[in-house]
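Every value quoted in this text rests on a predicted model; they were computed, and no experiment measured them. All ligand and atom numbering here is 1-based and tracks the order in the structure.
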Amino acid sequence: MTFEYAPAPESRSIVSIKPKYGHFINGSFVAGKKHFPTINPATEEILSHIALGGASDVDKAVMAAQKAYTKTWSKLSGEERGKYLYRIARILQERAREFAVLETLDNGKPIRETRDIDIPLVAAHFFYHAGWADKLDYAGLGHNPKSYGVAGQIIPWNFPLLMLAWKVAPALATGNTVVLKPAETTSLTALLFAEVCQQAELPDGVVNIVTGDGSTGSAIVNHPGIHKIAFTGSTEVGKKIARAIASTDKKATLELGGKGANIVFDDAPVDETVEGIVNGIFFNQGHVCCAGSRLIVQESIAEEIIEKLKVRMAKIRVGDPLDKNTDLGAINSKEQLIKIKELSAIGDAEGAERWSPQCNLSNKGFWFAPTIFTGVTQANRIAQEEIFGPVLSVLTFRTPQEAMDKANNTPFGLSAGIWSEKGSRIFWASQHLKAGVIWANTFNKFDPASPFGGYKESGWGREGGKHGLAAYLKNGKETGAK
Ligand code: NAP
Ligand code: MG
């Protein structure tokens, strides 16, 4: 039996978007010279025009951050810094609905996710780090650990405000100041966050936001006044950054791509597992670096799991991201949609079998139906490369060791999921998987106290938890970061 859902759109009247934005430097918005449009990917409506920052804008922002660091921020006690972080966290909670609607408009992800996942986690991140600001002596990082100075932070479009929180909260808690660049397609919530900094009366220059494209990011990376870089994005750009800073004393954490495996053993609870697989790959349109984009399932139960997965996939509601009933929203950009289509076509050409449920996709905006490929082999590009869309590649195994070998056989090592009723098997598998985050009988669960990061080409260092603090402190313990 299928149910018809009446439309339940969230009102967008809570947000007011200006026609044009400048950069946020030294506590004020300053006009940009050139601008580019930012659109709603569900409708292609132009929402606003964003300033394209050049080297001189980055320079002004770094100067402001340096001044704020020496004159104000590094002189405050941890307790004082913590008060500002608590204030920001509370304002974010008060304005949560506004942030959720704006994020959904600019990014294309469903309101259910921005409202229930992104924005609550953003506030949680600020609360968590506010708590650390006056306790750094007790974080196991040595006595009186020291900040670096100005942190240059570059973030992607998949969790725009959440990635900002992952970067800004630990930087401020540890006493660093910030120059941050949001992704080209999703700058609006970062610019609203700048207003929150003003509302919280954060001292001028502690947080600076310069909008722009890859050249703006590169100007931040190469600026001599930047002491630490925190980047989340593609492995390709991560490698460029690693090369650019190789002969400098700049520190860096890099959170890059992934090709996460959801490993399903024959004793897994079937219905829960199917729900977990759906959450692992179709959450946030698969725009998730730690997505469970490969299903590695024991041969004896593969048929049953795939059959139930298809039934469940047919019930995924794809459509208006502002509708509270929507499960899967719009793909963030035309470029990303092209990339997903190209890699899926390669899957067809390599002989894998593609299946999607019937979906009525709008011809305005960027859409891709939830998709699975079965009969995938390890050598296939769809088993090796990050698709970064709602596309699942299914492989099978016979012995537990074969599952481990297949799961580890990619250039990445960010996340994995294990589905089994047997605790000893879960512990055994988690010791053999080369992945920074391993979930057992669940997937895509996040907490500010839990460190996040990967092996191999998935990046350097960890963000979140005590490990994440260490990356912003001079005598912080070794975390694998540069
Ligand atoms: P990206 O190019 O790596 O972008 C990430 C951030 O870096 C953006 O702010 C981007 O600016 C900036 N940037 C681009 N070139 C730069 C450079 N040379 N130096 C410094 N900063 C630079 O990622 P993308 O183009 O948005 O997405 C491409 C692929 O990356 C996706 O298909 C996906 O596979 C992967 N990705 C991974 C994550 C993750 O969480 N690990 C997140 C998003 C994307 P612009 O926005 O102006 O390009
Ligand atoms: Mg946009």
Side-chain angles (χ1 to χ4, degrees), residues 34 36-38 41 50-55 58 106-107 109 118 152-160 162-164 166-167 179-188 190 209-223 226 229-245 250 252-260 283-291 293 331-344 366 368 381-382 384-391 410-415 436-437 444 446 452-454 456-461 463:
K34 285 191 210 155
F36 58 89
T38 188
I50 304 295
L52 178 62
V58 169
D106 202 17
N107 171 284
K109 64 170 73 182
D118 294 57
Q153 309 188 317
I154 300 164
I155 56 172
W157 43 261
N158 56 341
F159 291 92
L162 184 58
M163 289 301 105
L164 176 148
W166 279 31
K167 303 277 183 281
V179 176
L180 176 133
K181 188 197 93 67
E184 217 170 310
T185 55
T186 54
S187 303
L188 290 178
I209 293 169
V210 182
T211 51
D213 63 9
S215 67
T216 320
S218 175
I220 294 176
V221 169
N222 290 304
H223 196 290
I226 297 284
I229 291 161
F231 171 79
T232 298
S234 61
T235 297
E236 187 194 342
V237 174
K239 285 180 179 173
K240 279 190 199 164
I241 294 175
R243 278 195 288 271
I245 62 167
K250 290 177 188 176
T253 40
L254 305 174
E255 297 294 346
L256 311 176
K259 193 73 189 173
F283 165 55
N284 197 16
Q285 295 70 249
H287 295 337
V288 185
C289 49
C290 55
S293 54
I331 301 301
N332 179 252
S333 67
K334 192 174 186 179
E335 292 69 36
Q336 191 59 29
L337 179 61
I338 291 169
K339 199 183 144 191
I340 297 168
K341 285 185 174 167
E342 278 173 2
L343 269 163
S344 301
F366 316 124
F368 199 86
R381 283 181 62 188
I382 55 165
Q384 292 289 329
E385 293 177 32
E386 195 173 36
I387 302 177
F388 226 67
V391 182
T410 76
F412 302 107
L414 194 54
S415 66
V437 189
N444 275 340
F446 305 97
F452 185 91
K456 300 189 276 186
E457 292 196 11
S458 290
W460 287 351
E463 290 189 316

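The backbone N or O of Lys109 sits nowhere less than 3.5 Å from a side-chain atom of Asn284 that would complete a donor-acceptor pair. One N or O on the side chain of Ser458 and one on the backbone of Gly257 form a donor-acceptor pair closer than 3.5 Å. Using modelled atom types, no side-chain atom of Lys250 and backbone atom of Ile229 make a donor-acceptor pair closer than 3.5 Å.
Residue-to-ligand polar distances keep Thr185 apart from ligand 1: every N/O pair is separated by 3.5 Å or more. Between Thr232 and ligand 1, a contact under 3.5 Å exists for no N or O pair.
The atoms of ligand 1 that sit less than 4.0 Å from any heavy atom of Gly212 are 47 (O). When each atom of ligand 1 is checked for a heavy atom of Leu256 under 4.0 Å away, the hits are 39 (C), 41 (N). Every atom of ligand 1 is numbered from 1 in the order shown, and the set under 4.0 Å from a heavy atom of Gln336 is 31 (C), 32 (O). Every atom of ligand 1 with a heavy atom of Glu255 under 4.0 Å away is listed here by number and element: 41 (N). Short contacts between ligand 1 and Asn158, defined as distances under 4.0 Å to a heavy atom of the residue, involve ligand atoms 40 (O), 42 (C). In the vicinity of Gly217, heavy-atom distances shorter than 4.0 Å reach the ligand 1 atoms 19 (N), 20 (C), 21 (N). Ligand-side atoms of ligand 1 in range of Glu184: 45 (P), 46 (O), 47 (O), 48 (O), range being under 4.0 angstrom from any heavy atom. Interface of Pro156 with ligand 1, defined as ligand atoms under 4.0 Å from a residue heavy atom, comprises 42 (C), 43 (C).
Under a 4.0 angstrom heavy-atom cut-off, Pro182 registers as being in contact with ligand 1. Not a single heavy atom of Ser215 lies less than 4.0 angstrom from ligand 1. Under a 4.0 Å heavy-atom criterion, Phe231 is in contact with ligand 1.
For atom 25 (O) of ligand 1, the protein comes within 4.0 Å by no heavy atom at all. Counting only heavy atoms, the protein gets under 4.0 Å from atom 15 (N) of ligand 1.
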| request: Apply side-chain contact (heavy atoms from CB on, under 4.5 Å) to the pair Ser234 and Phe388, showing each step before the final yes or no. | output: CA-CA 10 Å; Ser234 61; Phe388 226 67; over 6 Å; no

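Leu256 is listed as a side-chain neighbour of Phe231, based on a closest heavy-atom distance under 4.5 Å. Proximity of Phe452 to Cys289: side-chain heavy atoms (C-beta onward) are separated by under 4.5 Å at one or more points.
Remark: the Thr232 side chain and the Lys167 side chain contain an N/O donor-acceptor pair separated by less than 3.5 Å.
Looking at Asp213 against ligand 1, both its backbone and its side chain come within 4.0 Å, counting heavy atoms. Residue contacts with ligand 1, taken as heavy atom pairs separated by less than 4.0 Å, involve Ile155 solely via the backbone atoms N, CA, C and O.
Taking the six-membered ring for Trp and thresholds of 30 and 60 degrees, Phe283 and Phe159 have ring planes inclined between 30 and 60 degrees apart.
Of the options Cys289, Gly258, Ser218, the smallest heavy-atom separation from atom 19 (N) of ligand 1 is shown by Ser218.
The residue from Thr211, Asp106, Thr186, Thr185 that alone fulfils the side chain to side chain donor-acceptor pair (under 3.5 Å) condition with Thr38 is Asp106.
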